[in-house]
Enquirer: 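Let me give you the structure first, and then I'll get to my questions.
Computed from a prediction, not measured in an experiment: that's the story for all the values here.
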Amino acid sequence: MSKERARRRAARLAEAERERASRARTSARRQRRRSALRRLTPRRPGGRTGRLFIRRSRTERAGIAVLTVAALAVVWLAVPDMALRLLLIAVLLLVAPAVVVIALGRRT
């Protein structure tokens with residue numbers, strides 16, 4: 001009976017060791033891949049994150065979106081001519097980023 005238990009324990013330990021080795025190989029492969037990707041990815045100077053909306057808080061972004069949609073609604077409802085509506089909407093969408101930068105300023 002004890003020989004049988006010893007044999008089963010040895011089989012369990014061997015299986016556990018194979019699992020550990022497999023996980024270690026997978027982890028090492030993943031780490032090498034991340035390391036290679038990190039070396040190939042260009043870095044931005046100055047420690048900037050490269051995120052699109054990093055200069056604006058969530059509240060400011062929501063305010064910008066709400067005011068833009070409100071302006072679009074006013075143009076759509078107040079102007080009867082379709083060509084003039086489309087022209088004003090295009091101008092609004094082109095000018096909105098400049099207005100945001102002027103109104104909210106740029107933080108450094």
Enquirer: Would the distance check show the side chain of S27 and the main-chain N or O of R23 forming a donor-acceptor pair, the cut-off being under 3.5 Å?
Expert: no
Enquirer: Is the closest side-chain heavy-atom distance between L104 and I64 below 4.5 Å?
Expert: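 Sidechains of I64 and L104: in contact.
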Enquirer: Under a 4.0 Å N-O cut-off, is there an ion pair linking R20 with E17?
Expert: yes
Enquirer: Linking I/L/V/M/F/W/Y whenever any side-chain heavy atoms sit under 4.5 Å apart, do V101 and V99 land together?
Expert: no
Enquirer: Would you give the length of the straight line joining atom CG of L88 to atom CG of L93, rounded to the nearest 0.5 angstrom?
Expert: 11.0 Å
Enquirer: Identify whether V79 and V74 are in the same connected component of the hydrophobic contact network (ILVMFWY, side-chain heavy atoms under 4.5 Å).
Expert: no
Enquirer: Short question: side chain of S35, backbone of Q31 - any donor-acceptor pair under 3.5 Å?
Expert: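 The answer is no, because no donor-acceptor pair under 3.5 Å joins these two groups.
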Enquirer: Determine, stepwise, if the pair R12 / E15 fulfils salt bridge (Lys or Arg N to Asp or Glu O under 4.0 Å).
Expert: CA-CA 5 Å; R12 273 196 319 270; E15 179 64 28; over 6 Å; no
Enquirer: Establish whether L72 and V66 are linked, either directly or via other cluster members, by ILVMFWY side-chain heavy-atom contacts under 4.5 Å.
Expert: no
Enquirer: What heavy-atom pair brings W76 and R85 nearest, and what distance separates the two atoms?
Expert: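 Looks like O-NE, 3.1 Å.
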Enquirer: Please determine whether residues I89 and M82 belong to a single hydrophobic cluster, defined as Ile, Leu, Val, Met, Phe, Trp and Tyr linked transitively by side-chain heavy-atom distances below 4.5 Å.
Expert: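 Looking at the clustering, M82 is in the same group as I89.
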